[in-house]
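Report on the structure given below.
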Amino acid sequence: MMVRTRFAPSPTGYMHIGNLRTALYAYLTARRHDGTFILRIEDTDQERNVPAALAAIYKGLQLAGLEYDEGPDKDGGYGPYVQSQRLDIYHEYAEQLLEMGGAYRCFCKKETPLAEDDAPVRRDPCRLLTDTQIAEKVAAEESFVIRQRIPEEGSTTFTDHVYGEITVENAQLDDQVLLKSDGFPTYNFANVVDDHLMAITHVMRGQEYLSSTPKYNLLYQNFGWEIPEYVHLPLIIKEDGTKFSKRLGDPSFEDLVSMGYLPEAIINYIALLGWSPGNDQEFFTLAELEKIFSIDRINKSSAAFSFDKLTWLNGEHIRALSLDEFHALAQPYYPDALNAYDTRKISELVQVRTERLTDIPEMLSFFEEVPDYEIEMYEHKKSKCDPEISLVILSGVVPVLEGIETWDNDHLFEVLKAYGQEKGYKTGTVMWPIRTALSGVGATPGGATALAEVLGKKESLRRIQDGIAKLKTALE
RNA sequence: GCCCCCAUCGUCUAGGGGACCAGGACGUAGCCCUUUCAAGGCUAAGACCGGGGUUCGAAUCCCCGUGGGGGCACCA
């Protein structure tokens with residue numbers, strides 16, 4: 001059987017994290033079985049349609065690396081792939097359903113409540129309208145919707161790949177609207193028609209659709225269509241247990257990227273939220289996931305999104321980059337003033353220490369300018385260092401440095417280490433004041449000699465002289 | 001309110017009757033390495049929601065309870 005899966009977002013203007021994971025799982029399922037991955041746009045809500053949202057969907061999928069085989073701009077013979085362009089199709093099938101008795105016209109006003117708390121369904125008087133009554137109302141051009149006629153008796157059972165067999169009493173199901181009075185279908189109708197017409201084999205969607213699935217099954221049965229494989233996905237929540245929602249300020253996929261997370265790290269992380277490979281591997285590329293992803297290993301319970309773990313995984317992906325790749329990604333985050341230095345060299349120092357690309361500017365700010373630090377900065381127990389010793393060392397080291405011709409990390413380290421040995425200092429005791437004078441901050445990417453190499457001889461000596469002056473003033 | 005689903009360390013998870021005094025990862029703490037900070041290595045603390053069954057034996061199967069989530073729109 002040819003596997004066909006689809007990602008069917010509504011154009012809201014951004015890629016919700018839950019949607020991204022649905023897209024990813026659908027994509028992976030298709031790829032794993034050499035199937036087809038389809039993009040379909042569900043724009044049946046005229047009020048929620050956001051202009052330019054289509055572009056956001058394209059961009060999001062591209063950023064994520066999820067290439068679709070069929071879609072609005074990629075005809076595969078099952079189009080159109082935009083629901084607002086399929087209106088006549090829905091009308092045709094709605095008409096069919098009407099004739100078969102699986103649906104009926106409802107002329108009630110929008111506000112008319114059809115359900116009560118303990119009797120959620122079947123209060124609609126229009127259900128009992130005679131043909132003549134209907135004809136009269138239609139002739140009078142009363143506006144109406146088309147509702148699904150749910151059987152009064154019996155129950156409906158369906159099987160979901162992750163949740164197993166689920167049975168619901170038909171009495172619990174409501175006569176949902178299939179076709180709205182504006183002529184647009186609801187999701188509840190369009191998804192069934194389209195999934196069938198587009199020959200979708202695995203319907204993958206969020207768990208929130210679990211409770212309406214029996215109604216979809218009834219529709220498939222009415223039409224005599226084959227029921228697809230259902231794969232409902234557990235919800236993604238926050239660590240406090242509440243919903244992960246853009247409206248509540250939680251980031252979208254695009255937001256995460258601008259927060260300094262790599263798309264491939266986000267994808268990797270999302271894949272693990274609700275699915276596990278069954279072994280201890282956690283680092284995955286998309287290509288690897290395409291080979292091993294399996295529906296059978298999807299979890300039932302909802303998963304909390306952990307920024308801590310995403311951040312760690314992002315660091316792993318960053319470290320897995322080649323220096324060239326990292327340099328290209330990091331450069332936009334470098335302050336302009338850094339152009340005076342060898343930024344590639346800086347990238348080398350920074351790569352292993354970067355968890356998010358957005359951490360970079362802060363990490364590097366001292367290159368631009370040494371902050372006005374306190375002399376307590378020269379106090380460091382582990383390096384056996386304090387301001388007094390620092391002054392001695394910095395003063396002693398200046399002539400040595402001035403004499404150095406080959407100004408690179410290895411050579412500088414060699415010379416300074418030897419200087420320490422000669423004077424009876426631990427290497428750390430010599431390096432600490434130098435590193436401090438060069439940067440003015442407590443932690444730097446790279447040690448004293450690495451910083452000195454990047455800063456160059458002249459600037460390094462200038463900063464050390466500044467440090468000496470600062471110490472002298474403070475200690476007098 | 002009614003219906004449906006879920007339940008292993010703080011978090012993501014492995015586990016599908018004996019191999020489990022429950023394994024891995026993130027986070028946390030400590031140590032090692034070390035030219036600061038990271039990275040890396042090692043170690044530690046940390047969980048089977050509760051109660052009944054079934055069974056020689058249950059984290060694993062069944063029931064009840066509790067807790068959490070989802071649905072009940074002319075939204076998807």
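Here is the naming used below: chain letters follow the sequence lines, and residue numbers restart at 1 for every chain. Predicted model, so just to flag it, every value in this text is computed and none were measured.
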Need the pair for [N]. Rule: Watson-Crick or G-U wobble, both distances under 3.5 Å, any strand; none if unpaired.
| N | result |
| --- | --- |
| B:rC42 | B:rG30 |
| B:rU35 | none |
| B:rG1 | B:rC72 |
| B:rA19 | none |
| B:rA14 | none |
| B:rG67 | B:rC6 |
| B:rU60 | none |

For a quick check of understanding: with a heavy-atom distance under 4.0 Å over all strands, which category does [X] fall into, base, sugar-phosphate or nothing?
| X | value |
| --- | --- |
| A:K417 | nothing |
| A:G446 | base |
| A:F305 | nothing |
| A:A448 | base |
| A:Y209 | base |
| A:Q83 | nothing |
| A:T12 | nothing |
| A:V145 | base |

_Reading RNA chain B from 5' onward, which residue's closest nucleotide shows up sooner: A:F413 or A:L273?_
A:L273
*Quick one: on RNA chain B, does A:D280 or A:P445 contact a more 5' nucleotide (nearest heavy atom)?*
A:D280
OP1 or OP2 of [N] sitting under 4.0 Å from any side-chain N/O of [X]?
| X | N | result |
| --- | --- | --- |
| A:K215 | B:rA73 | no |
| A:N299 | B:rU13 | yes |
| A:R205 | B:rG70 | no |
| A:K180 | B:rA76 | yes |
| A:S276 | B:rA14 | yes |

*Taking A:D359 for the side chain and A:R356 for the main chain, is one N or O donor matched with an acceptor at less than 3.5 Å?*
yes
If you measure from the [atom1] atom in [N] to the same atom in [M], how many Å do you get, rounded?
| N | M | atom1 | result |
| --- | --- | --- | --- |
| B:rA73 | B:rA14 | C1' | 41 Å |
| B:rG17 | B:rA59 | P | 13 Å |
| B:rG23 | B:rA47 | C1' | 12 Å |
| B:rC42 | B:rC33 | C1' | 11 Å |
| B:rU54 | B:rC62 | C1' | 7 Å |
| B:rU34 | B:rG15 | C1' | 40 Å |
| B:rU60 | B:rA22 | P | 16 Å |
| B:rC21 | B:rC61 | C1' | 23 Å |

Choosing from [options], which nucleotide comes nearest the side chain of [X]?
| X | options | answer |
| --- | --- | --- |
| A:K309 | B:rC37, B:rC12, B:rG71 | B:rC12 |
| A:R353 | B:rU35, B:rA38, B:rG40 | B:rA38 |
| A:D45 | B:rC74, B:rU35, B:rC75 | B:rC75 |
| A:R319 | B:rA39, B:rC4, B:rC74 | B:rA39 |
| A:V168 | B:rU35, B:rA76, B:rC4 | B:rC4 |
| A:K382 | B:rA76, B:rC37, B:rC5 | B:rC37 |
| A:W312 | B:rC26, B:rU36, B:rC5 | B:rC26 |
| A:T427 | B:rG24, B:rU36, B:rU35 | B:rU35 |
| A:N409 | B:rC5, B:rU35, B:rC6 | B:rU35 |
| A:R147 | B:rG40, B:rC5, B:rC74 | B:rC74 |

*Salt-bridge test for A:R40 and A:D195: reply yes if a basic N is under 4.0 Å from a carboxylate O, no otherwise.*
yes
*asked:* I'd like to know if A:R344 pairs up with A:D324 as an ion pair, taking the criterion as any Lys NZ or Arg NE/NH1/NH2 lying under 4.0 Å from an Asp or Glu carboxylate oxygen.
replied: yes
*asked:* Taking the cut-offs as 6.0 angstrom to the six-membered ring centre and 45 degrees off its axis, would you call A:R105 and A:F107 a cation-pi pair?
replied: no
*Rounded to the Å, how far apart are A:K243 NZ and B:rG71 C1'?*
11 Å
_Shortest non-hydrogen separation from A:G183 to A:L87 and the atoms involved_ = O-CG, 4.1 Å
*For A:Q83 and A:D43, work out which heavy atoms get closest and say how close.*
N-OD1, 3.4 Å
*Flag the pair A:V397 / A:Y419 as yes when at least one side-chain heavy-atom distance between them is below 4.5 Å, and no otherwise.*
yes
*asked:* I want to know whether A:Y14 and A:F253 have ring centres closer than 6.0 Å.
replied: no
